[in-house]
2 protein chains.
Amino acid sequence: MRRNELAEIQALPLFSGLRDDSFESLLRGAYVQNFPPQIELIREGDPADFLHVVVEGTVELFASWNGRETTMATVRPIATFILAATIKDGPYLMSARTVEKARIILLPSIDVRNIFEADANFAKAIVLELSQCYRSVIKASKDMKLRNSVERLANYLLKKDIENGGNGQFDLSIEKRRLASYLGMTAENLSRAIKSLKDYGVEIEGSKVTIKSAETLGSLAKPTPLIDDPAY
Amino acid sequence: MRRNELAEIQALPLFSGLRDDSFESLLRGAYVQNFPPQIELIREGDPADFLHVVVEGTVELFASWNGRETTMATVRPIATFILAATIKDGPYLMSARTVEKARIILLPSIDVRNIFEADANFAKAIVLELSQCYRSVIKASKDMKLRNSVERLANYLLKKDIENGGNGQFDLSIEKRRLASYLGMTAENLSRAIKSLKDYGVEIEGSKVTIKSAETLGSLAKPTPLIDDPAY
DNA sequence: CGTGGCCTTGAATGTATTCAACGGGGGTGG
DNA sequence: CCACCCCCGTTGAATACATTCAAGGCCACG
């Protein structure tokens, strides 16, 4: 494990409050791995042997049933996934695969559970992390159920614009077919959604996005912190 | 508060491990209230002043945006809701209303947070409860995204059948319009879904449900613990 | 006996997916 | 260096799934 990564991990809210001995014993069984794109990391139904921490790259959580598949969430650095399964010692409810190449820390679930039992600070940190995860899923679910595809795209673009300085010009740093999946629609449908946003002053050429008026786009998107603010 | 309720509350996984002094101070600020049907208990966006525990009746969690509304979950005794908002001291992400008349315990969030800080056992119990809530939402989300309305109904009926002894005869103890909302569809659509299940040996007259062959219905429903088992 | 609510049914509409076809750009191999 | 090919993105048409709107039946209740 790289030295600066170690510091970075210890700085994570989830681990920052740990006693030194807890943190050490957690890392003793841990290892880091680099994965190429499109590798399946875990499969739903399997026992949750490791808590995963995404240090670099992007991971997609998805679920399948009866030959169908749907994207549930996207995890970017630095964040954990399948914490709940680890804690409950239950099976994964979702599968995960890398989207871009990714660097991931694997912490044996048994260690996580042991330290959770022994170190009250860790238990508290887990509560906060879990609350965050829970609320993220709720927000994603609201986005999916309450908005149609054009509205989801509009809100996504507004969010990205702000992340990139809010000057109405930024790069879509993601393949369109992945974006489509991320937004819960087909690639074809995304094409049409992009087209229909022209009326609201959105221009997308290749990966270059131009929003002529955030006001106008906002009148369609109607963003709200109760869905769109990750910190809420 | 009724005496037997107090015992019942203390028996909840969430509270059973508490130190006696913690439990007492938690109850000091608590109160119990009876609500008629269709009362709005909390509104999304409001600060999370109380942790709610449903002792009796049914509560629906729902979310709104831009004039639309969708049911997110249904809470039945004995369970808590909005634990995550309470812990994070954040705003509610969902609204809640009673469906049937309900008896609910209200625990001031500030007390919950204080005891969470002071009593490590409580922190652990909260982690388990939160994990449970999280996984429930994931399962509900999978049900919604991976299945169409007929399949959701089929799985619902199979589950209810088992709850009622699994003899293929039971009572739909819920209004159809509510069931429709619970299953994420309109009342009209539920009517049609019921009709289309006739081919699979399902007969619904009024509130009496008859499943001629759980096998046949199962071939359509394809239930899986990764979506349908609440204990998973 | 009337009335209101719940349920059902039909028709029209909307949203999104599927299937098929095509264009263009980047990379590879000749 | 160029031709080829593959993959991504786009577009159109057909289809699937679900909602909306309108109307009518049934039952319980006053």
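Each chain gets a letter, A, B and so on, in the order its sequence line appears, and its residues count up from 1. Since the structure is predicted, the reported quantities are computational estimates derived from the model, not experimental observations.
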Check your understanding: Which residue, Glu40(B), Glu60(B), Glu44(B), forms the salt bridge (charged side-chain N to carboxylate O under 4.0 Å, His left out) with Arg97(B)?
Key -> Glu60(B)
Point to revise | Which nucleotide in dT15(C), dC17(D), dT19(D) has an atom nearest any side-chain atom of Met185(B) | key: dT19(D)
Exercise for review: May I ask you to evaluate whether Lys195(A) reaches the phosphate of dT11(D), defined as a side-chain N or O under 4.0 Å from OP1 or OP2?
Suggested key: yes
Exercise for review: In sequence, state the C-alpha distance, the side-chain angles, and the governing distance for Asp171(B) and Ser207(B), and then conclude on side chain to side chain donor-acceptor pair (under 3.5 Å).
Suggested key: CA-CA 6 Å; Asp171(B) 199 276; Ser207(B) 70; 3.0 Å; yes
Check your understanding: Under 4.0 Å between a side-chain N or O of Ser191(A) and OP1 or OP2 of dT11(D)?
Key -> no
Point to revise | Distance-only donor-acceptor test (3.5 Å): side chain Glu188(B), base dC21(D) | key: yes
Exercise for review: Look at all strands and tell whether Gly184(B) reaches a base, only sugar-phosphate, or nothing, counting heavy atoms closer than 4.0 Å.
Suggested key: sugar-phosphate
Review point. Within this structure, what is the CG-to-P distance between Leu197(B) and dT8(C), rounded to whole angstrom?
Key: 13 Å
Check your understanding: In whole Å, what is the span from the NZ atom of Lys198(B) to the C1' atom of dT8(C)?
Key -> 11 Å
Review point. Donor-acceptor pair, Asp161(A) side chain versus Leu157(A) backbone, under 3.5 Å?
Key: no
Point to revise | N/O donor-acceptor pair, side chain Arg177(B) with base dG5(C), under 3.5 angstrom | key: no
Review point. Atom CD1 of Ile204(A) and atom P of dT10(D): how far apart are they, to the nearest Å?
Key: 9 Å
Practice item. Please check the phosphate of dA18(D) (OP1 and OP2 only) for any side-chain N or O of Thr186(B) closer than 4.0 Å. Key: no
Check your understanding: Taking the side chain as C-beta and beyond, is there a heavy-atom pair between Val32(A) and Val55(A) under 4.5 Å?
Key -> no
